[in-house]
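In what follows, residues are counted from 1 in the order of the sequence shown.
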Amino acid sequence: MRAESGGAAGVPREEKTPAPWVLRQETLLVLALSVGASALSAVISFTGSVTAPGDLQDRAATLNGSQAPGRPWLDLAWQLFGIATALVPVALVAHLLLREGAGGLRALGLDRRRPGSDLGRGALVAAAIGGTGLLFYLAVWATGANLTVVPESLPDVWWKFPVLIASAVQNSLLEEVVVVGYLLRRLGQLGWTPAAALLASSVLRGTYHLYQGIGGFVGNLVMGVVFVLLYRRWGRIGPLVAAHALIDIVAFGGYALLAGEVDWLPTPP
């Protein structure tokens, strides 16, 4: 254990690593409440898609859809409810790290100490991954190995773009806090090698995107490898949260503006 500042009245606070069996159970529960459950759902969804008649590209994977068509205020309530509840695992991770004496999400490098650096690095990563990711999706979709991804199908109401931005931020917080910062920390405490932890994090990220098809799995697996390597280099998930949020904001907003207006962007048949 090691002493850390931040205790009451300036008294050092000790960081105590829980017993291995506690860490294993805790990690499985956090995953079961978040991306682990999404991974299993994605596998079931993908199985249904590949065993159904027709080509994968003839089916759509909608990321942000209406929850109450024709009832915009009720729809907004459901959208906000979904975003808020999806962030509960992030709050749980923060609580667990605080109880451990690690300082909450600050232990993962998610704080306000370096906002300019985090945003700048995130923007560079988003530009690199976002552009190559789009080209990869278009190439895989053309082969018929991916569903048609529909980033949004919300009604044209005043809250459409604010909700899309909030959804992008929620995705980035959940995935980077749980799949990168928290999971790598716990696997390291459990004695996993760096290579094994990188593989676990990356395969998990790819798996819960499998509902999009083979391209969704492979593309996000590669993104997972890059994000783990960058996290280990920088020691912060702040830039990764910024990058992921920017990638999703551009994807969601860009689709809303361009779908049906350009012929190179796949849309549902």
For residues 32-42, which side-chain N or O atoms pair as donor and acceptor with protein atoms under 3.5 Å away, sequence neighbours left out?
{"from": "Ser34", "atom 1": "OG", "to": "Val30", "atom 2": "O", "distance (Å)": "2.7"}
{"from": "Ser38", "atom 1": "OG", "to": "Ser34", "atom 2": "O", "distance (Å)": "3.4"}

For residues 238-249, run the donor-acceptor check on the side chains, cut-off 3.5 Å, and write out each pair with its distance to 0.1 Å, sequence neighbours left out.
{"from": "His244", "atom 1": "ND1", "to": "Glu176", "atom 2": "OE2", "distance (Å)": "2.6"}
{"from": "His244", "atom 1": "NE2", "to": "Asp248", "atom 2": "OD2", "distance (Å)": "3.3"}
{"from": "Asp248", "atom 1": "OD2", "to": "Asn171", "atom 2": "ND2", "distance (Å)": "3.3"}

Do any side-chain atoms of residues 223-234 form donor-acceptor pairs under 3.5 angstrom with protein atoms, and if so which ones, sequence neighbours left out?
{"from": "Arg232", "atom 1": "NH1", "to": "Pro194", "atom 2": "O", "distance (Å)": "3.2"}
{"from": "Arg232", "atom 1": "NH2", "to": "Pro194", "atom 2": "O", "distance (Å)": "2.8"}

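Shortest non-hydrogen contact noted between Leu174 and Ala86 is CD1-O, 3.6 Å. Nearest heavy-atom pair across Ala200 and Leu187 is CB-CD1, 4.0 Å. Shown here for Trp158 and Pro162, the closest heavy-atom pair between the two residues is O-CD, 3.6 Å. Across all their heavy atoms, Gln79 and Ser66 have their closest contact at NE2-CA, 4.0 Å. Between Pro268 and Val150, the shortest heavy-atom contact is CG-CG2, 3.4 Å. Val169 approaches Ser172 most closely through the heavy-atom pair O-OG, 2.7 Å.
A side-chain contact (heavy atoms from CB on, under 4.5 Å) with Arg185 holds for exactly one of Leu97, Leu23, Val180; it is Leu97.
Within 6.0 Å of the CZ atom in Arg59, the count of heavy atoms belonging to other residues, nucleotides or ligands exceeds 12.
A donor-acceptor pair under 3.5 Å is formed between the side chain of Thr193 and the backbone N or O of Ala196. With hydrogens and angles disregarded, a donor-acceptor distance shorter than 3.5 Å links the side chain of Thr132 to the backbone of Ile129. In this structure a side-chain-to-backbone donor-acceptor pair under 3.5 Å is missing from Ser202 to Leu199. Under the 3.5 Å distance criterion, the side-chain polar atoms of Ser117 are left unmatched by any main-chain donor or acceptor of Arg114. In terms of modelled atom types and a separation under 3.5 Å, the side chain of Asn220 and the main chain of Gly216 share a donor-acceptor contact. In this structure, Asn146 contributes its side chain and Gln212 its backbone to a donor-acceptor pair below 3.5 Å.
In this structure, Leu210 CG and Thr47 OG1 are separated by 7.5 Å, a value rounded to the nearest 0.5 Å. One distance of note links CZ of Phe252 with CG of Leu63; it measures 5.5 Å at 0.5 Å rounding. Atom CG in Asp118 sits 8.0 Å away from atom CG in Leu110 (nearest 0.5 Å). The CD atom of Gln67 lies 9.0 Å from the CG atom of Leu154; values are rounded to the nearest 0.5 Å. With rounding to the nearest 0.5 Å, the separation of CD in Gln25 from OG1 in Thr27 is 10.0 Å. Remark: Ile83 CD1 to Leu87 CG distance equals 8.0 Å, nearest 0.5 Å.
Among residue pairs with one or both ends in residues 34-44, none qualify as salt bridge (charged side-chain N to carboxylate O under 4.0 Å, His left out); sequence neighbours excluded.
Ring geometry for His209 versus Tyr211: interplanar angle under 30°, hence parallel rather than tilted (30 to 60°).
The shortest distance between side-chain heavy atoms of Val43 and Thr207 falls below 4.5 Å. The shortest side-chain heavy-atom distance between Val179 and Leu31 does not fall under the 4.5 Å cut-off. Between Tyr255 and Asn64, the closest side-chain pair of non-hydrogen atoms is not below 4.5 Å.
Listed by chain and number, the residues in a ring pair (Phe, Tyr, Trp, His ring centres under 6.0 Å) with Phe161 amount to none (sequence neighbours excluded). Residues passing the side chain to side chain contact (heavy atoms under 4.5 Å, CB included) test with Pro266 are Tyr137, Leu138, Trp141, Thr148, sequence neighbours excluded.
The residues Arg236 and Asp111 are annotated as salt-bridged, a charged nitrogen and a carboxylate oxygen being separated by less than 4.0 angstrom.
Judged by distance alone, the side chains of Gln189 and Glu100 do bring a donor and an acceptor atom under 3.5 Å apart.
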